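Everything on this sheet refers to the single structure shown next.
Keep in mind that this is a model prediction, so the values were computed, not measured.
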Amino acid sequence: MLLATFKLCAGSSYRHVRNMKGLRHQAMLAIGQELNRRALGGPTPGAWINQVQRRSSLLGSRLEETLYSDQELAYIRQGEEAMQKALGILSNQEGWKKESQQANGDKVLSKVVPDVGKVFRLEVVVDQPMERLYEELVERMETMGEWNPNVKEVKVLQKIGKDTVITHELAAESAGNLVGPRDFVSVRCAKRRGSTCVLAGMATHFGEMPEQKGVIRGEHGPTCMVLHPLAQSPSKTKLTWLLSIDLKGWLPKTIINQVLSQTQVDFANHLRKHLESSPAPEARC
């Protein structure tokens, strides 16, 4: 069976079937199913299985490139680049200064990163399991405007594969109209690494969402949220939000810093209030 499958897959490299994506996709699925069947058939898979898995992994990456357009691949790579840059900033513990700390332990830190500018880091613990936060922040991101007054609307413009989306976010005006209406077009990437979820993004260009009259188009730099269960209390989630943003326009830095740090504090409060007032996914009809 496996030999026949490889012949099917190899056949897709011949000129007369080179563009038959469906054939290659079926072949890859068949290889995966056969490998799983054989691996489960014995206690220790043989060396040949590892070799075939390496080859199929390489073939899978090549197959992935054939399933997306050049522009879609560029978005995927941009999302992954945003994730790597954001995680790199978070991993460097030096230079962070405290902006504020709330009575419940929520705190906002900041630092200046070369070639990026000033970034803000929110650290909070939410008394909800990680899956609940993941559902609200990723799977239900378009409903954020219903519970976060700082956001008027979040709309998914395009979904690419299982990890990448292009979004348009319309932000509400700040209190006292210190900051006028802003919108953002971003590529977002969501990945799981063991028990940790990483949600990353950055500004991008999307031809079908041009700038709107009366709204200033801001830009997200490399930004991300990291979610993981507390080791001592798995039903609670540690949320770390790295915010890097250029609001554009003529705004004093003191106002920008005040607005951004307060936005993070408000976000944590609104998120908690929303999760506490709405039923858990298991309880929804």
- prompt: Below 4.0 angstrom, N of the basic side chain to O of the carboxylate: do K162 and E139 qualify?
  reply: no

message: Less than 4.0 angstrom from a charged side-chain N to a carboxylate O is my criterion; do E72 and K159 meet it?
response: no

query: More than 12 foreign heavy atoms under 6.0 Å from CG of N92: is that the case here?
result: yes

task: Output, in order, the C-alpha distance, side-chain angles, deciding distance and verdict of side-chain contact (heavy atoms from CB on, under 4.5 Å) for V165 and I160.
output: CA-CA 6 Å; V165 294; I160 307 170; over 6 Å; no

- prompt: Are L239 and Y134 co-members of a hydrophobic cluster defined by side-chain heavy atoms under 4.5 Å apart?
  reply: yes

task: Would you mind reporting whether V198 and T196 have side-chain heavy atoms less than 4.5 Å apart?
output: yes

query: Between E99 and L109, is any pair of side-chain heavy atoms under 4.5 Å apart?
result: no

- line: Distance col, row C224:SG vs K85:NZ, nearest 0.5 angstrom, shows 13.5 Å

- prompt: Is the backbone N or O of W241 less than 3.5 Å from a side-chain atom of Q264, with the two atoms forming a donor-acceptor pair by type?
  reply: yes

Show every donor-acceptor pair shorter than 3.5 Å between a side-chain atom in residues 208-215 and any protein atom, with sequence neighbours excluded, or say none if there are none.
none

Over all atoms of both residues, closest heavy-atom pair of H228 and M130: CA-SD, 3.9 Å

query: In the single-linkage hydrophobic clustering (I, L, V, M, F, W, Y; side-chain heavy atoms under 4.5 Å), do F120 and W96 co-cluster?
result: no

- prompt: Going by heavy atoms in the side chains, are C197 and K191 under 4.5 Å from each other?
  reply: no

Whether E142 side chain and V156 backbone form a donor-acceptor pair below 3.5 Å: yes

Minimum side-chain heavy-atom gap N150-F267 below 4.5 Å: no

statement: Distance col, row D246:CG vs R217:CZ, nearest 0.5 angstrom, shows 13.0 Å

query: Could you state the interatomic distance from CD1 (I256) to NZ (K118), rounded to the nearest 0.5 Å?
result: 10.0 Å

message: Quick one: does any side-chain atom of Q78 pair with a main-chain N or O of A203 as donor and acceptor, under 3.5 Å?
response: yes

message: Would R188 and Y75 count as a cation-pi pair here, with the cationic atom under 6.0 angstrom from the ring centre and within 45° of the axis?
response: no

query: After noting the C-alpha distance and the side-chain angles of W147 and L271, does the key distance pass the side-chain contact (heavy atoms from CB on, under 4.5 Å) rule?
result: CA-CA 7 Å; W147 54 267; L271 177 62; 3.7 Å; yes

- request: State plainly whether the residues E123 and K98 are in salt-bridge range, i.e. N to O under 4.0 Å.
  value: no

message: Please give me the minimum heavy-atom distance between A200 and A82, naming the atom from each residue.
response: CB-C, 4.3 Å

CA sep, side-chain torsions, deciding dist, call: E169, E153, side-chain contact (heavy atoms from CB on, under 4.5 Å): CA-CA 6 Å; E169 177 182 335; E153 181 185 51; over 6 Å; no

ring-ring contact (aromatic ring centres under 6.0 Å, His included) partners of residues 180-206, not counting sequence neighbours, each pair once: F184-H220

field: Heavy-atom side-chain contact between I245 and L260 under 4.5 Å
entry: yes

statement: Interatomic distance, CD@Q128 vs CG@L133, rounded to 0.5 Å, equals 7.0 Å

message: Measuring from atom CG of L199 to atom CE of M225, what distance do you get when rounded to the nearest 0.5 angstrom?
response: 7.0 Å

Short side-chain donor-acceptor distance under 3.5 Å, S261 and R121: no

Backbone N/O of V124 and side chain of K238: donor-acceptor pair under 3.5 Å: no

query: Rounded to the nearest 0.5 Å, what separation is found between the SG atom of C189 and the CE atom of M202?
result: 12.0 Å

message: For P229, is there any backbone N or O sitting under 3.5 Å from a side-chain donor or acceptor partner on T237?
response: no

message: With a 3.5 Å distance limit and no angle check, can you tell me whether S233 reaches the backbone of L230 through a side-chain donor-acceptor pair?
response: no

message: Using only atom types and a distance under 3.5 Å, with no angle test, would you say the side chain of Q93 pairs donor to acceptor with the backbone of L90?
response: yes

- request: For the pair N148 (side chain) and M144 (backbone), establish whether a donor and an acceptor sit closer than 3.5 Å, ignoring hydrogens and angles.
  value: no

task: Examine I255 and V119 and state if one hydrophobic cluster contains both, with Ile, Leu, Val, Met, Phe, Trp and Tyr joined whenever side-chain heavy atoms are less than 4.5 Å apart.
output: no

field: Verify same cluster id: V116, V108 (apolar side-chain graph, 4.5 Å)
entry: no

message: Among E136, R132, E146, exactly one meets side chain to side chain donor-acceptor pair (under 3.5 Å) together with S278. Which residue is that?
response: R132

task: Kindly indicate whether the side chain of T240, heavy atoms from C-beta on, has any atom under 4.5 Å from the side chain of L227.
output: no

Same apolar cluster (I L V M F W Y, side chains within < 4.5 Å links), L87/L243: no

field: Derivation of the side-chain contact (heavy atoms from CB on, under 4.5 Å) call for V265 and S100
entry: CA-CA 9 Å; V265 173; S100 65; 4.0 Å; yes

- prompt: Any salt bridge between E276 and R272, counting N to O under 4.0 Å?
  reply: no

- request: For the pair R77 and E81, evaluate salt bridge (Lys or Arg N to Asp or Glu O under 4.0 Å) and give the outcome as yes or no after the intermediate values.
  value: CA-CA 6 Å; R77 294 183 182 118; E81 177 187 355; over 6 Å; no

field: Over all atoms of both residues, closest heavy-atom pair of L242 and P222
entry: CD2-O, 3.9 Å

